[in-house]
Structures are given as structure tokens and as C-alpha cells.
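As a basis for the values below, the full set of heavy atoms in this structure was taken, side chains included, without hydrogen atoms, waters or symmetry mates. Letters go in sequence order (proteins before strands), and every chain restarts at 1.
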Amino acid sequence: MDKKQIANMLEEMAFLLEFHGENVFKIRAFQNAARALGNASEPLEVLLEEPGRLEQIKGIGKSIAANIREYATTGRCNELEELRKKAPKDFENLIRVPGLGPKRLRVLVDELGIQTLEQLERACRTGEVTKLPGFGEKTVEKLLAGIAQVRSFSGQWLFPQGWEMAIKIVEDLKSLRSVKRIEIAGSLRRRKEVVRDIDILVATTDPEPIAARFVANVLVQSVVAQGDTKISVVLTNGMQADLRMVKPDAFPFALQYFTGSKEHNTHLRARAKKLGYRLNEYGLFPEDEKESARAEGLASVREEEDIYRALGLQYVPPELREDLGEIEAAQKGELPTLVSKEDYRGILHCHTNWSDGADTIEEMARQARRLWNAEYIAICDHSQSASYARGLDPERLRKQLQTIASMNKLSTDIVVLGGTECDILPDGSLDFPGEVLDQLDFVVVSIHSHFNMSKEQMTQRICRALEHPCADVLGHVSGRLLLMREPYALDLDKVLDAAARCRTIIEINGDPYRLDLDWRFCRAAKERGILFAVNPDAHSVGGLRNIEFGMNVARKGWLTRSDVVNCLSRNDLLTLIRENRNFRRRLAGRGTYSIS
DNA sequence: GCCGTTTTCGGCCCGACTGTTTTCAGTCG
């Protein structure tokens, strides 16, 4: 049980309370508590251990704390169970339909007896729904699209959800003596942002105790299939996990094979065939078995690297194995040296308790130094229009800058940069006047409202914002929330062209729900000469972990150290920002933009 | 249900959009 699960439970209670017509402020209390818990920096165990520690969190009182304790210790919550009893059967899926809130769901349940997604879909198609007051043609259209979306997202998990589970299983198996080697394979190893299952590969000559330990894991809910070399289970969170056991000799081949992608492997096997080999999960075999010289060469395969070498290729890091040109590049020796954690020097784009973050500037800075050995951290709280996030007006921003300045005088450990995540307003202007932005070290501009503009309007809006001299970085470009919300309509090519023209840095937002810019578009941006900022968008010290997820995207996007501005020293970064601003001022001087 | 306090009740963020209305409710961020 972790904080996220408990926060989800509280959110569900809020929704159910609203569904049952409870007091709006009680509902809000549960929503606030969910957010407060999610933002709390201490791990759940600490919060539960000390008596009264939970209640110290602002937004969590006696009653909700009791609910949390009950749920965390027993996995159930009486009050929640009571609320669920009176809710439709397929409640969990129904509430995920965009555009369907508690009030409309109430009407659908009362008037049509809707209990499941299927019943809702049928009622939409037969026209029953349009007869209800408040429901029209458009609503039904939206509901049908929403149902399709819920279905397409089910059975998929965000990278960290899969990774956490996989790590726990690996840790559990690692201690067994019969486990010679163990690796997470599949899409997790390729660091895909969304995964469907977990693949774990073990090298062993003694599979039985490993199999027994695997199926006995507390995370395993049921066993789907169990053979000598492969076991499939469903985990408590509904995710499928496959364990494969191979002989130690076959391990590198199996690891390569089960890492995929399928497309990469198909391409690789074709190459092997051309060279007179047959490649599969058990080995690389000469087509002509009698060719002893070749066979001897293969005896030296101990690692995946050796397989690629045997095929005349550079080693292809798992992140690149999507058959998007990596095999051709590896053949020419032109694979990039991917950016790595060790290259990372400074953190840009973090929130604090000045806006919607949970922790103080000091705490964020301290942890940035401790966890990432960062030389600098840019605090970028929300701007004034973001009222839902307690955005700062110019006066509070001025005070925050003063606070930062006095902090920097005291500490030489890490330098805190003053910044903002400034809203891009509907007309493409920025949420602070130019003279305010000018005083900041670092400005991220992002869209947080008015998502439903036409593709042309949205493209124009962003392109205009990029021309502002102080628009250093474009934040979460597409606005998508993985498995939750589609990106807004946007002509990405035009936006990238504008970013290249204006020397705007593009953010790779490391929030696991965003991972935006998508790695699939990184190369197109890089080819235009665009630089990237890999940012955590952390709303608490725990959120600093997002850097890791952002780096996964950068690596999947073929980026090197020189593509990522976080790898610059503080001086070089600030010089770059200054030069880019001057460049845009000269553009503005030519009449394309005037500072408002 | 939570918070704060001139401390045990009164207030709790709010604007925009959408689709449905004929002045507004529901949803979202």
C-alpha cells in the first residue's frame, strides 16, 4: 500500500459522496485530503507509525485519518464499502468516462438503471439517454467517445506502476541461490511510458524453487499458466507478469529476445539471416552447422553486446530498440552516446508551497543536492492566472525572489534560480508583463487552460508565446495526461519550426503522466537544432524522482548530453538563456513581436 | 469533513467551457 493508492481511495470516496448527494464541503474535504496526502513528503510508513502524524497534515483531520489507517492496515474501509454498496456495479470504470461526473451518473442510474459501461453504451445508442433532461445529442456523442477511451486505456499502466511491481518481484527472487542472473525485460526495459505487462527473465539450472517463490509472492493474485520455463500470473493491481527461466548459456539471447521490440527483433533476425545465421531466444546458430569457425565465434557470447557484435553492429541500448533506424545506425557505427544520469547537473521547473507544491524552497533545494548532486535548481511556481494552483501575482513573486536571494547568500551548496511556470493565455500573450519576466533567471511557458481551441488557434497561440523574448522553455508541449487525457489539437511541426526559429528550449516533462514531449518527436525537434530541458515538474521532494522518467524519454529520443541543457554548468546555462533572450529581442525588433 | 480562532461555529477558490437551456448545471482544471 502506498500513498497513491490511499489518495485514490479518498478520491473515490469524494466521488461517491457527491454521487450520493452529500454536502459539497465534505466532498471537497476528501479531495483536499487526497491531494494533501499525495503531496506529503514523508513516506506512508512514517506517517502511519507516529501517532497523530497524519493529522498534522493540513487537510487531514481525525475522521479521514481514521479512514486512512483502516484502509492502510486492513486493505478495506468500512465507510467506503457502505458507499460502494449503493453505487452501480461497474462504478470504477463509469467514473473514468470523461464528461460523466457524479450528477449525470446519478441521473443515468436512477432513470435508466445503468450499472455497467456496456449498459451505458447501449442506452446511448438506442436514444434512451437523449430523452433524459439535460442530456442531448452532443453529450451522448461525448459519452460514447469517452467509453471507447476508457476501454482503450484499460489493461495499460504507467511506467512507474509497472516498474515498482517488477522491482519488488526481482528483489524477492534475487535472494534465491538458484537464481544465477535476473533482469526485467520487455517494454519496461525499453522504458516505454506505458506498459501492458511485466516480463522477468531468470538464468538458472534449477527452476523449481524459483517458480515456487514467484507464485507465492504476496503481489500475486492468481496464476494464469504454469509450465517448466514460463509462468504467467495476474498481480493484485490487475497487471499480468510473466516469469521466464532459461539456462545460463541462453540468457543473453533470451534477454535480447524478450526485451523486444518485436519490430526490432524481426529486423535483427533478418540481418542475422543475411549473414548466414539463425537468431532466436536460445542462441545464434550458423545456418550451416558444420561451419566450425563461426560456431566457435559464438561460444564467446556472454552478454547481449556480444550478439550485436557478432552481427556487425554497435550495441543498441534497450531504449532504442523500436526499429526506428537504430539497426541501420548501429551498422554504420553512428548510434548516439545517449545522455545519462551522470551528465545531469541542474534541475529546472519545480514547484513549492508558494503555489501548489508541498515542500518549501529550502527543502526542494536540499533534496535536489542530496538526491541528484545538483548544482542549481530553478523554482518555477505557477503564475497569477492559475488560481486553482495558488499562482503567484507579481507582488508574491517579488517576495519569493527576495527569499531566494537571501537563501543563496547563506548557502554555497546549491544555487537556487528564480523562475516561473508562466501561463500562456488564450491569445498567446504571457501571464506576467515583460518587465516582471525579465527579472527571472528562468521562464517556462505552458498551457493550463482553454484546451479546446481549434488546431489552428492553438498552434497560433503557442507560436506567438514562443516569440516572447523571455519565453525560455516551452513546458509540456502537448498537454496530454497518459491514460487520462488526450493531447490538445496542435500542429506540432509548426510549433517545432517556431521553437527552432525563436531558439526556444523544449521541455521533456518527467511527470510520469505527462512525459511530454513524447520521445517519438524528439528526433524531429533535434534535427531542427532545438535543445531540450529534462524537467521533473516536481510538486514535492518525492517528485524529484521524475527526472529519472524524463531521462528515459530523452534516451528513447536519441538525445545526447549536448542536446540537454540540464547538463550545462550554471554559468553556461545562464549565458545560453541570456543569449537566447537577446536573440528574440532582435527578432522582436524586426517587428514580429512587441513586449506587452 | 477540515480549519482556525478575537477557539467550538462559520466558512470553505473559482473561472471557463459545454451543452443544454431561456438563465443554468455539470464538469474540469
- In chain order, what residues pass the side-chain hydrogen bond (donor to acceptor under 3.5 Å, both in side chains) check against A/D427, with sequence neighbours excluded? A/S429

- Note on the structure: Those residues at least two apart in sequence (or on a different chain) that pass salt bridge (Lys or Arg N to Asp or Glu O under 4.0 Å) with A/R196 are none

- Task: Applying ring pair (Phe, Tyr, Trp, His ring centres under 6.0 Å), name anything that partners A/W372, two or more places apart in sequence or on another chain.
- Result: A/Y344

- Query: Tell me the salt bridge (Lys or Arg N to Asp or Glu O under 4.0 Å) pairs involving residues 50-63 of chain A, sequence neighbours left out?
  - Reply: A/E42-A/R53, A/E55-A/R69

- Query: In chain order, what residues pass the salt bridge (Lys or Arg N to Asp or Glu O under 4.0 Å) check against A/R104, with sequence neighbours excluded?
  - Reply: none

- Message: I need the residues from residues 92-103 of chain A with at least one non-hydrogen atom less than 4.0 Å from DNA chain B; give them sorted by number, or say none.
- Response: A/P98, A/G99, A/L100, A/G101, A/P102, A/K103

- Tell me which residues in residues 57-72 of chain A put a heavy atom below 4.0 Å from DNA chain B, sorted by number, or none. A/I57, A/K58, A/G59, A/I60, A/G61, A/K62, A/S63, A/I64

- Query: Of all residues at least two apart in sequence or in a different chain, which pass the salt bridge (Lys or Arg N to Asp or Glu O under 4.0 Å) check with A/E164?
  - Reply: A/R545

- Just jot down the side-chain hydrogen bond (donor to acceptor under 3.5 Å, both in side chains) partners of A/D441, sequence neighbours excluded, or say none. none

- Side chains of A/L112 and A/L132: does their closest heavy-atom pair fall under 4.5 Å? yes

- Please list, in 5' to 3' order, the outermost nucleotides of DNA chain B lying under 4.0 Å from any heavy atom of chain A. B/dG1 to B/dG29

- Item | All pairs passing ring-ring contact (aromatic ring centres under 6.0 Å, His included) where residues 346-366 of chain A contributes a residue, at least two apart | A/H349-A/H351, A/H351-A/H382, A/H351-A/H539

Without placing hydrogens or testing angles, list every side-chain donor-acceptor pair under 3.5 Å for residues 469-479 of chain A, not counting sequence neighbours.
from: A/D472; atom 1: OD1; to: A/R581; atom 2: NE; distance (Å): 3.0
from: A/D472; atom 1: OD1; to: A/R584; atom 2: NH2; distance (Å): 3.4
from: A/D472; atom 1: OD2; to: A/V443; atom 2: N; distance (Å): 2.8
from: A/D472; atom 1: OD2; to: A/R581; atom 2: NH2; distance (Å): 2.6
from: A/H476; atom 1: NE2; to: A/E421; atom 2: OE2; distance (Å): 3.2
from: A/H476; atom 1: NE2; to: A/H448; atom 2: NE2; distance (Å): 3.3
from: A/S478; atom 1: OG; to: A/R480; atom 2: N; distance (Å): 3.1
from: A/S478; atom 1: OG; to: A/D516; atom 2: OD1; distance (Å): 3.3
from: A/S478; atom 1: OG; to: A/D516; atom 2: OD2; distance (Å): 3.0

